[in-house]
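Below is one structure, written out as structure tokens, with a few remarks after it.
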Amino acid sequence: MRRNEILSFLFYHPDNNYYFCRRVVQILDKRYNAKEIEKKWRERWKRENIYRFNPDSRKPVYSLDTPPPFTSGTLHMGHIYNHVWIDLVARYKRMRGFEVYFPQGFDCHGLPTELRVEKELGVKREDREKFIEKCEEWTKKAIERMKNQFDQIGYSADWNYSYRTMDDGYKKLVQKTLLIFYRKGLLYREKHPVLWCPRCETALAKAEVGYIEKEGKLYYIDLDVGNHKLTIATTRPEMMPACVAVFVHPDDNRYKRFIGKKARLPLFDREVPILSDEAVDPEFGTGVVYLCTFGDEQDIAWQKKYKLPVIELIDKRGNLTESAGRYKGMSVEEARRRITEDLIEKGYIRKIEKLRHQVTSHTERSSCNAPIELLPLEQWFINVKDFIQDIIETAEKMNWYPEYMLQRLIDWSNAMDWNWIISRQRVFGTPIPFWVCSCGEIIPADEKELPVDPRGTTRKCPRCGGKAVGEKDVCDCWVDSSITPLIISKWLEDDSFFEKTYPSSLRPQGYEIIRTWAFYTIYRNLILTGKPCFKDLLINGMVAGPDGRKMSKSLGNVIEPEEPLRRYSADTIRQWASIGTLGDDYPFSWEECEHSQRFLTKLWNISRFIELHLRDFDGKKPRELAEVDKWILSKLQRLVQRCTRQLDCYIFNIPLEQIRGFVWHDLADNYLEMVKHRLYKPEIYGEESKRAAQYTLDLILRTILKLLSPFTPHICDEIWSNIFKDGYVTVADWPEADKKLISKDSEETGKILVEIMGEIRRYKSDRKMPLGSEIKHVKILVSPELRGKLERIKEDIIGTGKIKNLELSVSNVDRFKIIYG
RNA sequence: GGGCCCGUAGUCUAGUUGGUUAUGACGUCGCCUUUACGAGGCGAAGAUCCCCGGUUCGAAUCCGGGCGGGCCCACCA
């Protein structure tokens, strides 16, 4: 027995032990059970593979270079926000007739995984092979959990095209691109002061460091210059063993006489030259600064400019080397204390001031936050500086949404002063495919052997015949992730696939990684393919906590996606995410979830109402539509036009709000109320009038389900399949506005009807009358211009307002006036 | 110090090629149990559109200067 065929049935109520009669059994349940229904649709979409990418399709391809989340094992609200947008674009473009290529990968290599494996599984990184194996195992599990979370928001990616940066195929392409950069002379090895994290024992990219404001001390230390004293000010007295010069400003009258002389360092019995440079700020401290290799980036600049010697004072663990003399082996903090004590004892400290200053720290992509040091070390570099202009020009050829985000990339590019250090002293990462001989010769891997792991292996040096040692460093994670457009397009692997899917139609990402992911991707793909790697960039902001402040554990305002998903549903969270604006930070909001949830209920009930009244609709177009029908259909066409225009520009919040407004207010509050009399009483208002209302309802529901389906795909397919029984609305054609249905005249008439009904409702409300109560007599005075319009909606006013006797009278009034009784 | 963005009811928000009475939501208050929906409906109150100045017949909107917030960058040792 099919449920929708039953019109009346006896039900046994077990609690009350009686039978009751339910006259009408609807196809759509009284309540919308989001959890159950969403699950059902996700399983069906998956089973029937309706979102698969067909590379042989004749449709134009729309490809998405989606951000591979780091495999932490869980998606956070930021991911949900970002990926709902991506899914919206994919669903919209599919409906617009594109063959959407929607792959989704995972970024696997990273310090957090190494730390977890060490801590939780107790495997030491020294046992490299086993360690990597465990990292991979852990990551695979993490990916399963994250894929499951993607599923839970109705993510329509084609998982047949997933990738993992730890896969052999991925590493192979990364290494291949490194060999290409090497052959082009853009990849090199050099001893260079690098940003070094002593706690993590690795070199960092500039993009991985930030500043932490700390309460520090400014030490005023006397140096002897002949019989005179010259007082320097420094925050780092422990760096004194590495001091190679003292600088003053050339115009500083206090110190002009010292320039060119030598200053004697206390405790170390060594003399350094006194030089002058414009970069010295005479206002800071004493206006005298000492240069230590390397205390900060200014030191590097001066050391190079004046060709000063280099003293390597700090080792990889953050301890002092033998250059520190009797302070050797001490940690930076200990040395600072001891050297200060000794200076005080010898009377060289003039004073110590408190100072709030910015300490360069390991802040990005890590919770380490340790102060970083500058160490001269052998590192692998990729030349970026020589291509800044090309990168900017390429980025300018792309469409940035919002446009101003391009400026972030330009600013960052212009501020680059180092090349990109791509080596990391870690274990779980893509190996750098080179061997280095003590004679200085570099032996690249052979392309045929990729992916290769040179660690622990040797090669014969072709130059000196000696043993070249395999590079033991691995790549910075951005080296992996900055070739995603090439991985997804099967570059060098499948030419016809590449032609179809490169450049990517869209790169969606957050603004915080413009300086890394967008920057490096644009650069490397330009060098490798000679072309810009994407057409459009869609930039989202960060998700803030419900209090509007940045989500952080210390503020206690972190919301994990599980909670709203459990309390509400995917279609609810998707609406929350859709309401965020391009490029702006966006707070998580329980209120928005609540509102979104209510909208789903409203939509459900509207659909139930329409379903009920479409039962006996034969699908035939009526001879004539009523004025209200024309009014709502005209508004609907405009809604379609506006939504299409906005979605083409990746704006989601405005279309969704407009659709919701239309559904809730124009349709439910007004139109449905205004056609009930025609639907319920065809014996009074005519069968043809009923059919016109049915036709209109049918068209409206079909259209709004299409408009909503990118936003709330589950409920849309549920309603669509039950009422229209015509495939999946989520892959239906996007509606086109029918210009013939746009009528300014009908819109004006409809507006008047809404106003009149509003007044009548207010009248009843003021008199505490039920809205359904009848009014005996109403007279409407109407201006001559509006008379025709009023005549056309007279019946609707009577039917909707339950007016027994309505009189229209032309009069010299402004528009119209209602008189009761 | 530089760059970018932002400032609209208690809260969030629409609206910026200048144009009647500034959009909507949440919350608050009053009313209505109406044959899709009380997870409703109708209605009300609530805004010096951050401040000052300028352009203009007219400014939330354009310009200048402040103040405040956010993000990014930067060599103050």
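In what follows, every chain begins at residue 1, and chains take the letters A, B, ... in the order their sequences are listed.
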Have a look at [X] and say if it touches a base, only the backbone sugar-phosphate, or nothing, with a 4.0 Å heavy-atom cut-off.
X        : value
A:Glu512 : nothing
A:Tyr511 : sugar-phosphate
A:Thr601 : base
A:Asp281 : base
A:Asp299 : nothing
A:Ser589 : nothing
A:Ile654 : sugar-phosphate
A:Trp664 : sugar-phosphate

Using the [atom1] atom on both, measure [N] against [M] and round to a whole Å.
N     : M     : atom1 : result
B:U61 : B:A22 : P     : 15 Å
B:A9  : B:G64 : C1'   : 29 Å
B:U23 : B:G66 : C1'   : 30 Å
B:G68 : B:C51 : P     : 15 Å
B:G10 : B:C29 : C1'   : 14 Å
B:A45 : B:C6  : C1'   : 29 Å
B:U8  : B:C62 : P     : 15 Å
B:C37 : B:G27 : C1'   : 22 Å

Kindly give the heavy-atom pair with the smallest separation between A:Phe294 and A:Ile300, and that separation in Å. CD2-CG1, 3.5 Å
Heavy-atom pair of closest approach, residues A:Trp85 and A:Ile539: CZ3-O, 4.0 Å
Could you please name the option among [options] that lies closest to any side-chain atom of [X]?
X        : options             : answer
A:Val289 : B:G40, B:A77, B:C5  : B:A77
A:Asp584 : B:A77, B:C26, B:C5  : B:C5
A:Lys802 : B:U35, B:C75, B:C42 : B:U35
A:Arg761 : B:C76, B:A14, B:C42 : B:C42

Whole-Å distance separating the [atom1] atom of [X] from the [atom2] atom of [N]:
X        : N     : atom1 : atom2 : value
A:Ile651 : B:A14 : CD1   : P     : 11 Å
A:Asn33  : B:C37 : CG    : P     : 18 Å
A:Asp585 : B:C71 : CG    : P     : 8 Å
A:Ile760 : B:G41 : CD1   : P     : 20 Å
A:His613 : B:C37 : NE2   : C1'   : 13 Å
A:Ile539 : B:C6  : CD1   : C1'   : 18 Å
A:Lys602 : B:G41 : NZ    : C1'   : 7 Å
A:His249 : B:C75 : NE2   : C1'   : 14 Å

Is there side-chain contact between A:Ile610 and A:Ile723, with at least one heavy-atom pair below 4.5 Å? no
Looking at [X], I'd like to know whether one of its side-chain N or O atoms comes within less than 4.0 Å of OP1 or OP2 on [N].
X        : N     : result
A:His595 : B:A25 : no
A:Lys676 : B:U34 : no
A:His665 : B:C42 : no

Do [X] and [Y] have side-chain N/O donor and acceptor atoms under 3.5 Å apart?
X        : Y        : result
A:Asp277 : A:Tyr306 : yes
A:Asp222 : A:Thr231 : yes
A:Glu38  : A:Ser569 : yes
A:Glu718 : A:Asn722 : yes
A:Asn540 : A:Tyr650 : no
A:Gln694 : A:Asp698 : no
A:Thr601 : A:Gln597 : no

Which base, if any, makes a Watson-Crick or G-U wobble pair with [N], both distances under 3.5 Å?
N     : answer
B:A59 : none
B:C37 : none
B:C42 : B:G30
B:G64 : B:C52
B:G1  : B:C73
B:U11 : B:A25

Do any N or O atoms of the protein come closer than 3.5 Å to N or O atoms of nucleotides 2-4 of chain B, and which pairs are they?
| unit_1 | atom_1 | unit_2 | atom_2 | d |
| --- | --- | --- | --- | --- |
| B:G3 | O2' | A:Asp411 | OD2 | 2.6 |

Centre of A:Trp590's six-membered ring, under 6.0 Å away, within 45 degrees of the axis: is that where NZ or CZ of A:Arg567 sits? yes
Closest to the 5' end of RNA chain B, once A:Trp302 and A:Tyr32 are matched to their nearest nucleotides, is A:Tyr32
Heavy-atom nearest nucleotide on RNA chain B taken for A:Ile606 and for A:Arg236; more 5' hit belongs to A:Ile606
